[in-house]
Chemist: 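Dropping the structure in here first, questions after.
In listed order, ligands and their atoms are each counted from 1. If you read the sequence from its start, that first residue is 1, and numbering goes on from there.
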Amino acid sequence: MPKNNDLMDKIVSLSKRRGFIFQSSEIYGGLSSSYDYGPLGVELKNNIKKAWWKTMVQDRDNIVGLDAAIIMSPKVWEASGHLTAGFADPLRECKKCHHRFRTDNLEGDKCPDCGGELTEERQFNLMMKTNLGVVEDEASVAYLRAETCQGIYCNFKNVLDSMHMKLPFGIAQIGKSFRNEITPGNFTFRTREFEQMEMQYFISPDDSKKYFDEWKNMRMKWYEDLGVSKDGLKFEKHGKDDLAHYAKAAEDVIYKFPFGWSELEGIHDRGDWDLSNHQKHSRQKLEYFDQENNRRFVPHVIETSGGVDRATLMFIADAYTEDEAPDADGKLQTRTVLKFDKRLAPIKVAVLPLSKKEELSKVAREVYDGLKDEFMTWYDETQAIGKRYRRQDEVGTPYCVTVDFESLEDKSVTVRDRDTMKQERIRMDELKDYLIKKLA
Ligand code: GAP
């Protein structure tokens with residue numbers, strides 16, 4: 001396997017070459033730290049979100065979904081503490097070139113870029129500002145949300161009342177968030193526009209410890225069940241000094257990225273910070289009535305908060321494998337394989353006629369048409385079959401189906417497994433059921 005720096009370069013290069021991730025606005029020289037997901041990237045990302053939604057919403061009987069607006073009332077961010085120093089980085093600005101630096105990244109008192117004099121430390125808020133409507137004044141200022149969960153808190157009452165939920169219950173949401181990050185970087189790891197998968201679990205105040213531990217374990221299990229290497233995952237606890245402004249306790253699931261152990265997802269005990277603050281600022285009751293014990297209270301919250309882009313980068317890095325396999329002439333060649341869990345693979349099946357001859361293409365097209373309503377299927381008849389196998393390995397396609405001249409006689413095809421490279425002959429009329437079982 002390549003060394004860590006090389007590995008990151010290889011991931012970035014493969015992502016572009018094979019249609020996973022492109023630089024945003026590339027034809028204009030690119031916008032730094034902004035990325036677009038290509039045809040295979042969007043499939044992978046959708047599959048990750050689907051797997052999360054299945055575990056967090058579909059498989060549960062006490063968690064429901066939500067899709068709230070990105071732009072909310074600015075009052076939300078006053079109540080949540082994001083417009084105050086709670087959501088800011090301490091920065092110093094160069095008086096000459098006006099570049100800003102995080103104070104914890106600075107060595108010495110001079111600008112690292114031009115040697116100019118630096119200002120005193122100032123708090124720089126991370127919320128992204130915009131204006132609503134045609135007049136750009138203080139009254140029209142709004143913000144792009146910095147975390148999706150505030151939409152959940154603001155809809156707590158709506159969901160409680162419309163869905164008749166009983167504590168404990170959760171609300172889950174996937175969506176974009178925005179932060180004016182000072183130090184974006186490491187490809188898609190830290191960007192200013194990103195997607196989050198967040199779930200807020202509303203509980204009685206006495207149950208915090210129990211559900212914090214439960215969710216920690218369930219979230220770790222989710223990554224492990226999707227095949228992430230166990231020695232690449234661990235927890236990291238936040239000390240008192242590095243807790244976010246809303247958190248009473250926090251632990252991160254961290255992953256051994258090629259650039260070092262870094263946060264994938266946070267599990268937070270937010271206490272009643274959010275609901276109580278929204279209750280105060282909105283003057284609306286955000287309480288729960290516990291009929292059994294005849295008491296009314298503001299629920300506490302355990303939050304699970306993961307990044308879709310970080311998860312996508314992690315799944316690519318974890319799946320990246322190089323092994324050696326013989327080519328058509330029997331010579332050993334390096335083979336790059338993305339060993340994605342089958343549920344995450346962007347393409348599930350590739351149909352490859354052995355040659356472009358019309359009689360083969362015709363049958364192969366029929367095979368392809370018979371599969372594509374069931375799976376994300378790809379059809380490829382260009383170049384030698386060995387090259388086509390490698391191409392599919394490189395994007396993590398679990399099964400390649402080859403239609404050869406014998407297929408015309410025996411009505412069977414060859415199915416090749418990505419990981420073992422073993423080949424099996426399967427009757428065409430049994431192929432779909434065979435693949436359904438294999439990909440289940
Ligand atoms: N609602 C709580 C919250 O937002 P956070 O730890 O600030 O907590 C949660 O963010 C997750 O969102 C992170 O673990 C990470 O996966 C993702 N995330 C946060 N900032 C990000 C950024 N600038 N770029 C990409 N992902 C980010």
Chemist: Ring of Phe194, cation from Arg192 - is the NZ or CZ under 6.0 Å from the centre and inside 45° of the axis?
Modeler: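 Not flagged: Arg192 not positioned over aromatic ring of Phe194.
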Chemist: Just to confirm my output: which protein heavy-atom neighbour is closest to atom 15 (C) of ligand 1, and how far is it?
Modeler: Arg310 NH1, 3.4 Å
Chemist: Determine, considering heavy atoms only, which of Glu147, Arg179, Met314 sits nearest to atom 5 (P) of ligand 1.
Modeler: Arg179
Chemist: Return yes if some donor-acceptor pair links the side-chain N/O of Ser305 with the main-chain N/O of Gly266 below 3.5 Å, else return no.
Modeler: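 No; judged by distance alone, with no hydrogens or angles, the pair does not exist.
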Chemist: Which atoms of ligand 1 sit under 4.0 Å from any heavy atom of Glu303?
Modeler: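 Per the distance check, 1 (N), 2 (C).
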Chemist: Would you say Arg270 touches ligand 1, if touching means a heavy atom closer than 4.0 Å?
Modeler: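 Yes.
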Chemist: Establish, from distance only, whether the side-chain atoms of Gln196 and Ser177 form a donor-acceptor pair under 3.5 Å.
Modeler: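 Short answer, yes.
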Chemist: Please check if the number of heavy atoms outside Lys256 that lie under 6.0 Å from its NZ is greater than 12.
Modeler: no
Chemist: If you have a sec, work out which protein heavy atom is nearest atom 9 (C) of ligand 1 and how many Å separate them, to one decimal?
Modeler: Ser305 OG, 2.9 Å
Chemist: Test of understanding: given a 4.0 Å heavy-atom threshold, classify the contact between His268 and ligand 1 as side chain, backbone, both, or neither.
Modeler: side chain
Chemist: Which residue holds the protein heavy atom closest to atom 10 (O) of ligand 1, what is that atom called, and what is the gap in Å?
Modeler: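 Here the nearest protein heavy atom works out to Gln196 NE2, 3.5 Å.
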Chemist: Looking only at protein heavy atoms, which one is nearest to atom 18 (N) of ligand 1, and how far off is it?
Modeler: Phe194 CE1, 3.6 Å
Chemist: Report the nearest protein non-hydrogen atom to atom 25 (C) of ligand 1: residue, atom name, distance rounded to 0.1 Å.
Modeler: Phe189 O, 3.1 Å
Chemist: Should you measure from each heavy atom of Glu263, which atoms of ligand 1 turn up under 4.0 Å away?
Modeler: 6 (O), 13 (C), 14 (O)
Chemist: Just jot down the ligand 1 atoms closer than 4.0 angstrom to any heavy atom of Glu198, in number order.
Modeler: 1 (N), 2 (C), 3 (C), 4 (O)
Chemist: Closer than 4.0 Å to some heavy atom of Gly306 - which atoms of ligand 1 meet that?
Modeler: 16 (O)
Chemist: At a non-hydrogen distance cut-off of under 4.0 Å, which region of Leu264 contacts ligand 1 (side chain, backbone, both, or neither)?
Modeler: backbone
Chemist: Starting from atom 17 (C) of ligand 1, locate the nearest protein heavy atom and write down its residue, its atom name and how far away it is, to 0.1 Å.
Modeler: Gly307 CA, 3.8 Å
Chemist: Quick one: does Thr191 get a heavy atom under 4.0 Å from ligand 1?
Modeler: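 Yes.
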Chemist: Does Tyr246 approach ligand 1 within less than 4.0 angstrom via side chain, backbone, both or neither, non-hydrogen atoms only?
Modeler: side chain
Chemist: Can Tyr201 and Glu303 be counted as having a side-chain donor-acceptor contact under 3.5 angstrom?
Modeler: no
Chemist: Using a 4.0 Å cut-off to any heavy atom of Glu181, which atoms of ligand 1 qualify?
Modeler: 20 (N), 22 (C), 23 (N)
Chemist: Which bit of Arg145 is near ligand 1, meaning a heavy atom under 4.0 Å away: side chain, backbone, both or neither?
Modeler: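 Neither part.
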Chemist: Between the main-chain N or O of Thr148 and the side-chain N or O of Gln173, is there a donor-acceptor pair closer than 3.5 Å?
Modeler: yes
Chemist: Taking Ser262 for its side chain and Gly260 for its backbone only, find out whether a donor-acceptor pair lies under 3.5 Å.
Modeler: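 Answer holds: yes.
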Chemist: Look at Glu147 together with Arg179 and state whether they make a salt bridge at an N to O cut-off of under 4.0 Å.
Modeler: no
Chemist: Suppose I only count heavy atoms of Cys149 and a 4.0 Å limit; which atoms of ligand 1 are within that range?
Modeler: 1 (N)
Chemist: Heavy-atom distances under 4.0 Å are what count here, so tell me which part of Glu265 touches ligand 1: side chain, backbone, both or neither.
Modeler: backbone
Chemist: How about Phe187 and Phe189: are their ring centroids closer than 6.0 Å?
Modeler: no
Chemist: Considering only NZ, NE, NH1 and NH2 on the basic side and carboxylate oxygens on the acidic side, decide whether Asp393 and Arg418 come within less than 4.0 Å.
Modeler: no
Chemist: Give a yes-or-no answer on whether the side chains of Trp215 and Thr304 include a donor-acceptor pair shorter than 3.5 Å.
Modeler: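 Judged by distance alone, the side chains do not pair up.
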Chemist: Quick check, are the ring centers of Phe156 and Phe202 under 6.0 angstrom apart?
Modeler: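 Ring-ring flag for Phe156/Phe202: true, centres closer than 6.0 Å.
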